[in-house]
Amino acid sequence: MNATRTAPPHLVEVRRYRYRIEPRGAMRVPGVVFASRELLADAEQSLAQVAGVATLPGIVTASYAMPDIHWGYGFPIGGVAASDVADGGVVSPGGVGFDISCGVRLLAADCDRRTLGPALRQVMDGLDRAIPRGAGPGGVWRPSGTGERERILRGGSRYAVQRGFGEERDLVRCEDGGAVADAEVTEVGERARERGLGQVGSLGSANHFLEVQQVDEVHDTAAATAFGIAPGQICVMIHCGSRGLGHQICTDHVRLMDRAMTRYGITVPDRQPACTPVESPEGEAYLGAMAAVANYGRANRQLLSDATRRVFRQAAGVRLSLVYDVSHNLAKLETHEVDGAPRRLCVHRKGAARAFPPGHPDLPDDLRSTGEPVLIPGTMGTASYVLAGVPGGDAFHSTCHGAGRRMSRHEAARTVTGRELRARLEQHGIAVRPRSWRGLSEETPEAYKDVAAVVAASEGAGLCRTVARLVPLGVVKG
DNA sequence: ATGTAC
């Protein structure tokens with residue numbers, strides 16, 4: 001149940017693209033919102049969530065919000081919060097979201113728009129047939145039994161590649177080398193496993209998509225070269241998550257934590273977001289399950305990449321190499337400096353991407369001097385971006401994750417029909433392969449903030465730098 | 001986001 005709506009917290013402009021919410025009441029730290037005035041106009045009610053997150057036990061430095069902030073379950077989408085593990089810091093499933101491990105993968109083709117030529121149509125038709133999408137079951141590959149299912153949860157992309165669904169080099173270009181080590185498969189309940197089993201290698205629905213894109217502008221040639229992209233080049237962007245498996249894990253663990261919270265003496269506004277200390281049986285159970293789902297999400301994107309590569313090879317003789325794969329819905333145990341001392345933190349990024357700076361030891365060797373690639377899926381018919389981490393990046397090295405919704409799904413569907421939208425996009429030279437007309441209309445570009453403004457605010461706030469802008473040529477949607 | 005509600 002929602003409490004009475006109170007006035008949104010007061011924002012003070014610290015400098016351009018940086019606002020502050022002073023700690024009041026139960027807030028343990030300030031709120032820091034990276035945005036422009038224009039972007040804030042669409043974010044008013046989610047500022048209360050930024051203040052709510054600031055009350056979490058053990059939270060350090062600030063409750064952060066990225067320029068694409070919008071209303072979410074408990075935490076705002078576009079929120080970043082870190083808690084100090086040794087100081088009773090908590091982990092919250094609401095700080096990760098229902099779509100655990102949702103993220104983006106970018107593949108670069110060995111051709112440009114001109115050399116691909118009319119084969120684009122065959123590629124789109126091939127993808128239309130090869131990419132499972134929409135709600136419900138169906139994936140490109142079904143694990144054969146319990147053993148294989150558990151190896152996906154433990155091994156992520158690494159297992160998918162071992163199994164023949166990719167190349168060894170892919171793993172170098174995946175966050176965490178394609179798998180996190182701390183997956184605890186025993187914490188993944190039977191219902192979650194069942195839901196996940198038949199959905200390995202599927203897009204899902206809503207804002208998830210697979211797009212054939214073209215590199216439209218390169219802003220940073222050195223970084224683009226290191227990432228493997230150049231002007232005019234054909235790319236494929238895949239945005240998807242962990243399907244029913246992640247949803248079920250979030251549901252299960254919110255329930256467990258909700259029951260346990262009072263035992264730890266934790267009270268939160270509106271009974272959400274549910275949380276328990278990282279160092280508690282419930283906290284450890286969630287993090288173990290979440291890590292298993294993180295691996296599942298990566299395997300999902302790996303399987304979809306394999307299916308996409310097959311289509312490009314058969315329809316156009318084109319090869320795709322992985323640029324990067326990064327999630328924007330995860331909690332991670334990381335070491336960051338707080339008040340001049342290194343602390344072990346549980347960093348929640350919900351609708352926020354990690355953006356390690358140049359020189360960070362966890363980056364792949366060939367990207368270490370460049371900074372971590374960040375992949376920003378835009379809205380249909382506009383543009384997507386490739387960014388990079390910068391030295392001194394704020395918010396525990398995080399940045400924006402997308403355009404950010406501005407209109408409800410219902411409102412969006414009222415503005416345009418799916419058929420009208422497809423006609424409009426095709427007029428602009430964008431091929432559309434939808435699964436449902438309703439789903440397409442809900443994703444109309446007007447339903448989102450201006451992704452260029454979000455990227456400009458993120459860069460202006462010192463969170464990242466722009467490497468390239470990509471425009472869509474073909475969209476595959478659920 | 002989600003077998004779009006227990």
Side-chain angles (χ1 to χ4, degrees), chain A residues 1-2 46 49 68-79 92-105 132-139 142 188-210 238-256 258-259 272-274 286 289-290 293-294 296-298 300-301 304 327-331 348-353 377 379-380 401-414 418 434-443 447-448 477-478:
Chain A
M1 188 150 72
N2 268 331
S46 30
Q49 295 192 311
D68 47 337
I69 180 181
H70 55 125
W71 184 267
Y73 168 77
F75 281 53
I77 296 164
S92 171
V96 173
F98 277 90
D99 196 5
I100 299 166
S101 187
C102 180
V104 187
R105 176 178 282 230
R133 55 203 192 272
R142 194 176 173 89
V188 178
E190 196 45 42
R191 202 166 165 199
R193 287 172 194 235
E194 272 170 27
R195 285 182 72 173
L197 182 65
Q199 300 183 318
V200 190
S202 66
L203 270 186
S205 53
N207 65 349
H208 290 162
F209 65 75
L210 184 153
I238 301 172
H239 177 206
C240 66
S242 54
R243 308 294 328 276
L245 176 73
H247 195 274
Q248 192 65 48
I249 291 298
C250 184
T251 305
D252 292 348
H253 287 262
V254 163
R255 188 174 300 138
L256 291 172
D258 216 18
R259 286 185 195 139
Q272 50 169 294
Y286 172 70
M290 187 212 69
V293 181
Y296 178 95
R298 286 145 188 205
N300 190 22
R301 291 190 286 274
L304 286 169
S327 172
H328 46 234
N329 281 5
L330 276 183
H348 301 76
R349 295 187 183 89
K350 180 187 193 178
T379 51
M380 274 186 305
H401 88 302
R405 201 165 251 288
R406 194 165 64 94
M407 243 180 233
S408 71
R409 300 196 161 278
H410 188 75
E411 213 180 335
R414 264 199 330 235
R435 182 69 184 272
S436 103
W437 293 118
R438 167 79 192 195
L440 193 69
S441 67
E442 289 177 350
E443 293 299 315
Y448 287 86
K477 275 202 79 79

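Below, chain A is the first sequence line, B the second, and so on; all start at residue 1.
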Sequence neighbours excluded, every pair satisfying salt bridge (Lys or Arg N to Asp or Glu O under 4.0 Å) that has a member inside residues 405-414 of chain A: A:Arg405-A:Glu443, A:Arg409-A:Glu442, A:Arg409-A:Glu443
Without decimals, in angstroms, what is the distance between A:Arg191 CZ and B:dT2 C1'? 12 Å
I need the minimum non-hydrogen distance between A:Gly418 and A:Leu440, along with the two atoms involved. O-CD2, 3.4 Å
Spacing between A:Tyr296 atom OH and B:dT2 atom C1', to the nearest angstrom: 13 Å
When we call it a touch if two heavy atoms are under 4.0 Å apart, what does A:Arg405 touch: a base, just sugar-phosphate, or nothing? nothing
Any side-chain N or O of A:Arg409 under 4.0 Å from OP1/OP2 of B:dT4? no
Nearest-Å distance for atom pair CG/P, residues A:Leu203 and B:dT2: 10 Å
Euclidean distance, atom CD of residue A:Gln248 to atom P of B:dA5 [Å, nearest integer]: 15 Å
Quick one: side-chain contact (heavy atoms from CB on, under 4.5 Å) partners of A:Ala289, sequence neighbours excluded? A:Glu187, A:Val188, A:Ile249, A:His253
Grab the NE2-C1' distance between A:His247 and B:dA5 for me, whole Å please. 11 Å
Within less than 4.0 Å of OP1 or OP2 of B:dT2, is there a side-chain N or O belonging to A:Thr251? no
Taken to the nearest whole Å, CG/A:Asp99 to P/B:dT2 is 6 Å
Of A:Arg255 and A:Gln199, whose nearest nucleotide on DNA chain B comes first from the 5' end? A:Gln199
Determine, using ring centers only, whether A:His401 and A:His239 are less than 6.0 Å apart. no
Classify A:Gly241 by what it touches in the nucleic acid, base, sugar-phosphate, or nothing, heavy-atom distance under 4.0 Å. nothing
